[in-house]
Amino acid sequence: TQLLEQSPQFLSIQEGENLTVYCNSSSVFSSLQWYRQEPGEGPVLLVTVVTGGEVKKLKRLTFQFGDARKDSSLHITAAQPGDTGLYLCAGARNYGQNFVFGPGTRLSVLP
Amino acid sequence: EAGVAQSPRYKIIEKRQSVAFWCNPISGHATLYWYQQILGQGPKLLIQFQNNGVVDDSQLPKDRFSAERLKGVDSTLKIQPAKLEDSAVYLCASSSGQILSSYNSPLHFGNGTRLTVT
């Protein structure tokens, strides 16, 4: 069983649309990270959230950490083809522990 | 700064053969990780080094996988003998943080080695 679940597994949308992807767990995390991975490349860190209820914005991307620190969401406004990729969340259950990755959401933004 | 370098980019071998992957982390990064990413899944940690010492190898299949980081810089990951289920992308990552602050230290990944076992 996965420690972290991500939904949806696949998402295909048109350029300009908004979308939200989710990362859920029954466990509490001390911190959670979101990465984007493009084909043939390694994951690239987008953000780290550490406080329950925390909201961080990165241009058109908005990240939220759930109040109970068991879940997180990533919202993209006005998606662009350059947003296409595999979005991975990774959580650390305790301070200093390694991050465990979810299976990812594969996003395709069509022009 | 130069990123994490990995080689080779692709490798195709037959089952029961051996294979080795090489990683050169970002200069000055003390922590090095090897991950296995099977198609359709997220990366799974195989082993973590802090300088040249092993911090976590609890998920490394030690009967066939081995890794070393002799001088605390470059690292190699070896599989011997390979099985069909070892087909995956092997990612190397490094970070600058010490263990106690690793949750704040971003992982910098290489582009991986795609292994196909036939």
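Bear in mind that the values here come from a model prediction, so they are computed numbers and not experimental data.
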Nearest non-hydrogen partners of B/Asn111 and A/Gly42, listed with the distance = OD1-N, 3.4 Å
Specify the closest pair of heavy atoms between B/Pro43 and A/Leu88, including all atoms of both residues, with the distance to one decimal.
-> CD-CD1, 3.9 Å
Are A/Leu19 and A/Tyr22 connected, step by step, through hydrophobic side chains (Ile, Leu, Val, Met, Phe, Trp, Tyr) whose heavy atoms are closer than 4.5 Å?
-> no
Could you give me the CA-CA distance, side-chain angles and deciding distance for B/Asp56 and A/Asn98, then say whether side-chain contact (heavy atoms from CB on, under 4.5 Å) is met?
-> CA-CA 9 Å; B/Asp56 183 354; A/Asn98 286 314; 3.5 Å; yes
With a 4.5 Å heavy-atom cut-off (strictly below), which parts of residues 34-41 of chain A touch chain B? List them by number.
-> A/Tyr35, A/Gln37, A/Gly40, A/Glu41
Are B/Tyr90 and A/Leu86 co-members of a hydrophobic cluster defined by side-chain heavy atoms under 4.5 Å apart?
-> no
If you take all heavy atoms of A/Leu45 and B/Pro106, which pair is closest and at what distance?
-> CD2-CB, 3.2 Å
Is it the side chain or the backbone of B/Gln37 that comes within 4.5 Å of chain A heavy atoms, both, or neither?
-> side chain
Portion of B/Arg114 that has a non-hydrogen atom of chain A nearer than 4.5 angstrom = neither
Enumerate donor-acceptor pairs with a distance under 3.5 Å from any side-chain N or O in residues 65-74 of chain B to protein atoms, sequence neighbours excluded.
unit_1	atom_1	unit_2	atom_2	d
B/Arg69	NE	B/Gly72	O	3.4
B/Arg69	NE	B/Val73	O	2.9
B/Arg69	NH1	B/Ala30	O	2.6
B/Arg69	NH1	B/Asn51	O	2.9
B/Arg69	NH2	B/His29	O	3.1
B/Arg69	NH2	B/Gly72	O	3.0
B/Asp74	OD1	B/Asn24	ND2	2.4
B/Asp74	OD2	B/Trp22	NE1	3.2

From the list B/Leu45, B/Val89, B/Leu107, B/Ile38, the residue making the most non-hydrogen contacts under 4.5 Å with chain A is B/Leu107
B/Leu39, CG: over 12 other non-hydrogen atoms inside 6.0 angstrom | no
Identify which part of B/Leu91 has an atom lying under 4.5 Å from any heavy atom of chain A, answering side chain, backbone, both or neither.
-> side chain
Are B/Ile26 and B/Phe49 co-members of a hydrophobic cluster defined by side-chain heavy atoms under 4.5 Å apart?
-> no
Within one Ile-Leu-Val-Met-Phe-Trp-Tyr cluster: A/Leu61 and A/Val109, side-chain cutoff 4.5 Å = yes
Give a yes or no on this: more than 12 heavy atoms of other residues, nucleotides or ligands lie within 6.0 Å of atom CD of A/Glu15.
-> yes
Does atom CG of A/Leu58 have more than 12 heavy-atom neighbours from other groups under 6.0 Å away?
-> yes
Is A/Ile13 reachable from A/Phe10 through a run of hydrophobic residues whose side-chain heavy atoms are each under 4.5 Å from the next?
-> no
Decide if atom NZ of B/Lys11 counts as having more than 12 heavy atoms of other residues, nucleotides or ligands within a radius under 6.0 Å.
-> no
